*Asks:* 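Got a structure for you, questions after.
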Amino acid sequence: MNTSWRSASLVVGAVAVLALTTACGQESAPPASSQNVGATASAGGYATSGTGLGDGAGYDAGAAGQAGGAGQGASAGELSVSTNQELGKVLTDSGGLTLYRFDKDTAEPPKSACEGDCAKKWPPVPADDATAGTGIDKALLGSVVRTDGTRQLTVDGWPAYRYAQDAAAGDVNGQGVGETWYALAPDGKKAQGGAGAEATGGLPGLSTRKDAKLGEIVIDGNGMTVYRFMKDSPWPMKTACVGQCVKKWPVVAPVAADDTKGIDLKGSGPRGQGYVVFDRPDGRKQQTIDCVPIYTFAGDKKPGDTNGQGVGGTWYAIRPDGKPVGAQQK
């Protein structure tokens, strides 16, 4: 009798633990705090006709997938401009990783003072496939030959680096390290704050706005419309947007729950936690609402644009509860 009761209790307990740890098919709590980067990477493939978007270089999963995030020698691809609420506009690689400059380097002529162990902590950004995305003057991009013979990307003469302790798109852990390392602004200067918050009116990482046609929809910290992909799955949580798709539909990086306004943070799942972080197959982390991965659209050029609405019959702006606007759900 006691044995039977104990066995039944163990089974019930195991089921309860399983239910609590598999909300949305996987569950990662949103960070207590995080910098909003808006996830505004430039466009690439996964084309629908008529967008006028070029094919940029593909995302190098190694950049965010290996320990420390910023992999040595990982390709830069098409550079993008992201907006950080504290630092303003910062330069990122095609995977959304922040690029930095070093005060001990020189820009005229370009020369790197970061060698040996320094270059392990601050991996130089290769120049070979780096291209200028939207908002970047390609004339500012150049290269410098390092002592090991490799070509390092320069921005207005300044050698560009990643930081090994930036683990995900939008991280700016290298800002101000040793009072010599600073995130790169798109013009090659130091990103030191103010511009981003002023440009967006100090928007939270995620909030809502009233659209004349679509009603109340979610926007990111740059004021850009947020979308969901109907081929994604909230249970179990999976994404069908990989490879070139994420160049046209950049993922929204994790946003702290206290950096939101008007977003339904309850959602679904055993504990009512639909606002969780999704671990993507490419190693990046992506914010979700109601267990649905969320994206921006590279074809939206300014706040208020909704050019991604209805694209391919699979992409839709979302409401604060994560539901698609104007889509028929099965």
Side-chain angles (χ1 to χ4, degrees), residues 37 40-42 44 54 56-60 62-64 66 68-84 87-166 169-196:
V37 296
T40 52
S42 299
Y59 168 76
D60 186 335
Q66 48 187 300
Q72 178 116 17
S75 63
E78 188 177 49
L79 305 183
S80 301
V81 179
S82 293
T83 301
N84 179 283
L87 303 181
K89 292 183 177 180
V90 299
L91 202 59
T92 66
D93 66 11
S94 60
L97 291 173
T98 303
L99 304 188
Y100 298 88
R101 52 174 278 180
F102 186 31
D103 277 356
K104 294 183 180 181
D105 288 351
T106 60
E108 296 181 4
K111 185 177 180 181
S112 170
C114 182
E115 303 286 349
D117 289 341
C118 173
K120 294 178 181 178
K121 188 173 183 180
W122 300 90
V125 179
D128 297 336
D129 73 337
T131 58
T134 302
I136 302 169
D137 183 355
K138 64 180 181 181
L140 294 179
L141 303 186
S143 66
V144 61
V145 178
R146 296 179 55 80
T147 56
D148 61 4
T150 59
R151 292 174 61 242
Q152 181 177 2
L153 173 69
T154 61
V155 182
D156 196 27
W158 288 98
Y161 305 83
R162 299 183 182 95
Y163 184 43
Q165 293 188 34
D166 281 350
D171 285 352
V172 287
N173 298 315
Q175 177 68 10
V177 169
E179 297 184 354
T180 55
W181 290 93
Y182 297 91
L184 269 165
D187 59 1
K189 293 181 172 59
K190 301 176 186 178
Q192 298 190 69

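None of the values given here were measured: they were computed from a predicted structure. Residue numbers start at 1 and run along the sequence shown.
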*Asks:* Identify the heavy atoms of K104 and T180 that sit nearest to each other, and give their distance.
*Replies:*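 Between these two residues, the closest heavy atoms are CE-CG2, 4.5 Å.
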*Asks:* Search all heavy atoms of A76 against all heavy atoms of A130 and return the closest pair with its distance.
*Replies:*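 In this case the closest contact between A76 and A130 is CB-CB, 4.0 Å.
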*Asks:* Sequence neighbours left out, what passes ring-ring contact (aromatic ring centres under 6.0 Å, His included) with W158? Give chain and number order.
*Replies:*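 Expected list: none.
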*Asks:* Are the side chains of V172 and Y163 in contact, using a 4.5 Å heavy-atom criterion?
*Replies:*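 They are not in side-chain contact.
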*Asks:* Can you name the closest pair of heavy atoms from L87 and N84 and give their distance?
*Replies:*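 The pair with the smallest heavy-atom distance is N-OD1, 2.9 Å.
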*Asks:* Quick check against the 3.5 Å criterion: does T98 have a side-chain atom that pairs as donor or acceptor with the backbone of D171?
*Replies:*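 Yes, the answer is positive, given that a donor and an acceptor are paired below the 3.5 Å cut-off.
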*Asks:* Check A127 against G142 and note the closest heavy-atom contact, atom names and distance.
*Replies:*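 Heavy atoms of A127 and G142 come nearest at CB-O, 4.2 Å.
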*Asks:* Using a 3.5 Å distance criterion without hydrogens, assess whether the side chain of D129 forms a donor-acceptor pair with backbone atoms of S75.
*Replies:*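 Judged by distance alone, no pair lies under 3.5 Å.
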*Asks:* Give, for atom OG of S143 and atom CD of Q152, the distance between the pair rounded to the nearest 0.5 Å.
*Replies:*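 Nearest 0.5 Å value for the OG-CD distance: 9.5 Å.
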*Asks:* Output the distance between atom CZ (R151) and atom CG (L153), rounded to the nearest 0.5 Å.
*Replies:*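 With rounding to 0.5 Å, CZ (R151) is 9.5 Å from CG (L153).
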*Asks:* Any chance you could measure T154, atom OG1, to K111, atom NZ, to the nearest 0.5 Å?
*Replies:*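 Answer rounded to 0.5 Å: 15.5 Å.
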*Asks:* At their closest point, which heavy atom of Q175 faces which heavy atom of A191, and how far apart are they?
*Replies:*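 Looking at all heavy atoms of both residues, the closest pair is NE2-O, 2.9 Å.
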*Asks:* Strictly distance-based, threshold 3.5 Å: is any side-chain N or O of R146 a donor or acceptor partner for the main-chain N or O of C114?
*Replies:*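 Side chain of R146 to backbone of C114: a pair is present.
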*Asks:* Does D137 have any salt bridge (Lys or Arg N to Asp or Glu O under 4.0 Å) partners at least two apart in sequence or in another chain, and if so, which?
*Replies:*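 With neighbours one apart ignored, the set is empty.
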*Asks:* With a 4.5 Å limit on heavy-atom distance, are the side chains of W122 and W181 in contact?
*Replies:*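 Yes, their side chains come closer than 4.5 Å.
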*Asks:* Is the backbone of G174 close enough, under 3.5 Å, to the side chain of Y100 for a donor and an acceptor to pair up by distance?
*Replies:*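 Yes, the answer is positive, given that a donor and an acceptor are paired below the 3.5 Å cut-off.
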*Asks:* Between NZ of K189 and CG of L184, what distance do you get to the nearest 0.5 Å?
*Replies:*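 Reported value, rounded in 0.5 Å steps: 11.5 Å.
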*Asks:* Rounded to the nearest 0.5 Å, how far does OG of S82 lie from CG of L97?
*Replies:*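 It comes to 10.0 Å.
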*Asks:* Can you find a pair of side-chain heavy atoms, one from L79 and one from T131, that are under 4.5 Å apart?
*Replies:*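 No. Closest side-chain heavy atoms not under 4.5 Å.
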*Asks:* Quick one, D187 and K89 - any side-chain contact, counting heavy atoms below 4.5 Å?
*Replies:*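 Heavy-atom side-chain distance check fails, nothing below 4.5 Å.
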*Asks:* To the nearest 0.5 Å, what is the distance between CD (E108) and OG1 (T106)?
*Replies:*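 One finds 9.0 Å between CD of E108 and OG1 of T106.
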*Asks:* Looking only at heavy atoms, which two atoms of P124 and A119 are closest? And how far apart?
*Replies:*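 It is CD-O, 3.8 Å.
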*Asks:* Taking the side chain as everything from C-beta on, heavy atoms only, tell me whether L99 gets closer than 4.5 Å to D93.
*Replies:*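 Side-chain contact under 4.5 Å: yes.
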*Asks:* Can you find a heavy atom in the side chain of S112 that is under 4.5 Å from one in the side chain of Y161?
*Replies:*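 Answer yes - side chains close enough.
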